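To start, the structure itself, in structure tokens.
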Amino acid sequence: MDDPFVLAGETFTSRLIMGTGGIPSLDVLDGALAASGAEITTVAMRRLDPAAPGSILDVLARRGVRVLPNTAGCYTAADAVLTAQLAREALETTWVKLEVIADEHTLLPDPIELLDAAERLVNQGFLVLPYTNDDPVLARRLEQVGCVAVMPLGSPIGSGLGIRNPHNIELIVERAGVPVILDAGIGTASDAALAMELGCDGVLLASAVTRAQHPTQMAEAMRKAVEAGRLARLAGRIPVRRYAKASSPTDR
Amino acid sequence: MTVIVNGQQHELADGAMLTDVVTRLTASVRGVAVALNGSVVPRGEWASTTLTDTDQIEVLTAVQGG
């Protein structure tokens, strides 16, 4: 089935975007990436550690995946804008996963700072993919300031709680003119499939794979779940009924 | 003079350039970006940027996360 995923003017086959947070080693990342089929991977920007063994960029280059830098760890718009600028310089890309969190306990996005940062970065020529709340109004506002996608959370980062407000995700999808990528909260394969069934264009996940007991197996499960959910969405599910409807002929 | 690199004090000879600080940290500058006193300095300007006492320098690279 020909079903390309167009994001910021580029075309991808895979609708699964892999995060790298929590991965136990670069070898495990390499295996998980291969099993996931992901063509886009997100990385954080941190102070250079001269003692760090190997570079994550070597692994990603070898796999031929697109690098999507993020602003993880930023609490203010000013911080996020500077981090995005540094990422653009370091990685030679104008793509940025914009993350502006409110506090370290919930890691929920700070909507005021997020919208401010998004607008500033769009004005500076960035292609902005914001990690946002599951709030249809905020998603709309982010699209209006020029973000190339919106990435609502299913539940808090790393929680594995799945999609806590499927109705809001559906509302975001219904009203969005840009791709919607479910970002954060995925715990297992059925969560990823549900995101796609709800109409999301893609899924971004990290912990569900990187902290799984067997990351490579879980990466494969996620690849299949995203594919299955997408197919089911396009196939058009049957309506939910209150009572049974016989599936075999009733005449004798 | 004394400058702050990634939160740590470094002693440098007067007239040192930004590029001296970066190459002291890493041999490979691929995937590295530098901010001087809160502003990004493009790679092409590292060699022509003279440091002054108390400068705050951040040298960042891509790591797993997010």
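Just so it is clear, the model here is predicted, and its values are computed rather than measured. Throughout, protein chains are lettered first and strands after them, A, B, ... in sequence-line order, and every chain is numbered starting at 1.
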Could you report the tightest heavy-atom contact between [X] and [Y], atom names first, then the distance?
X        : Y        : value
Gln64(B) : Gly22(A) : NE2-N, 3.6 Å
Pro50(A) : Leu25(B) : CB-O, 3.5 Å
Ala62(B) : Leu57(A) : CB-CD2, 3.9 Å

* Asked: Checking heavy atoms, do the side chain of Val41(B), its backbone, both or neither come under 4.5 Å from chain A?
  ->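 The answer is the backbone of Val41(B).
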
(request) Please look at Val34(B) and chain A and tell me whether the side chain, the backbone, both or neither of the residue comes under 4.5 angstrom of a heavy atom of that chain. (result)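 Contact with chain A: backbone only.
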
query: Most heavy-atom pairs under 4.5 angstrom with chain B, which of Gly21(A), Ala90(A), Gly19(A)?
result: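 Max contact count across the listed options: Ala90(A).
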
Check: If you count heavy-atom pairs under 4.5 Å with chain B, which of Glu92(A), Lys97(A), Glu89(A) comes out on top?
Finding: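 Top option by heavy-atom pairs under 4.5 Å: Glu89(A).
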
ask   = Under 4.5 Å, heavy atom to heavy atom, which residues of residues 71-83 of chain A contact chain B?
value =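 Within residues 71-83 of chain A, near chain B: Ala72(A), Leu82(A).
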
As an exercise, state the distance from CG of Leu91(A) to OG1 of Thr61(B), rounded to the nearest 0.5 Å.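 Output value for this atom pair is 7.0 Å.
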
Item to complete: Scan residues 50-75 of chain A for pairs that pass salt bridge (Lys or Arg N to Asp or Glu O under 4.0 Å), counting only residues two or more places apart or in two chains.
Response: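 Sorted pair list: Glu10(A)-Arg66(A), Asp30(A)-Arg63(A), Asp58(A)-Arg30(B).
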
Inset, instruction - Taking the side chain as every heavy atom from C-beta outward, state whether Leu60(B) and Leu48(A) have any pair of such atoms under 4.5 Å apart. - result: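 Side-chain contact under 4.5 Å: no.
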
**Message:** Using only atom types and a distance under 3.5 Å, with no angle test, would you say the side chain of Glu58(B) pairs donor to acceptor with the backbone of Arg47(A)?
**Reply:**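 No, because the side chain of Glu58(B) does not come within donor-acceptor range (under 3.5 Å) of the backbone of Arg47(A).
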
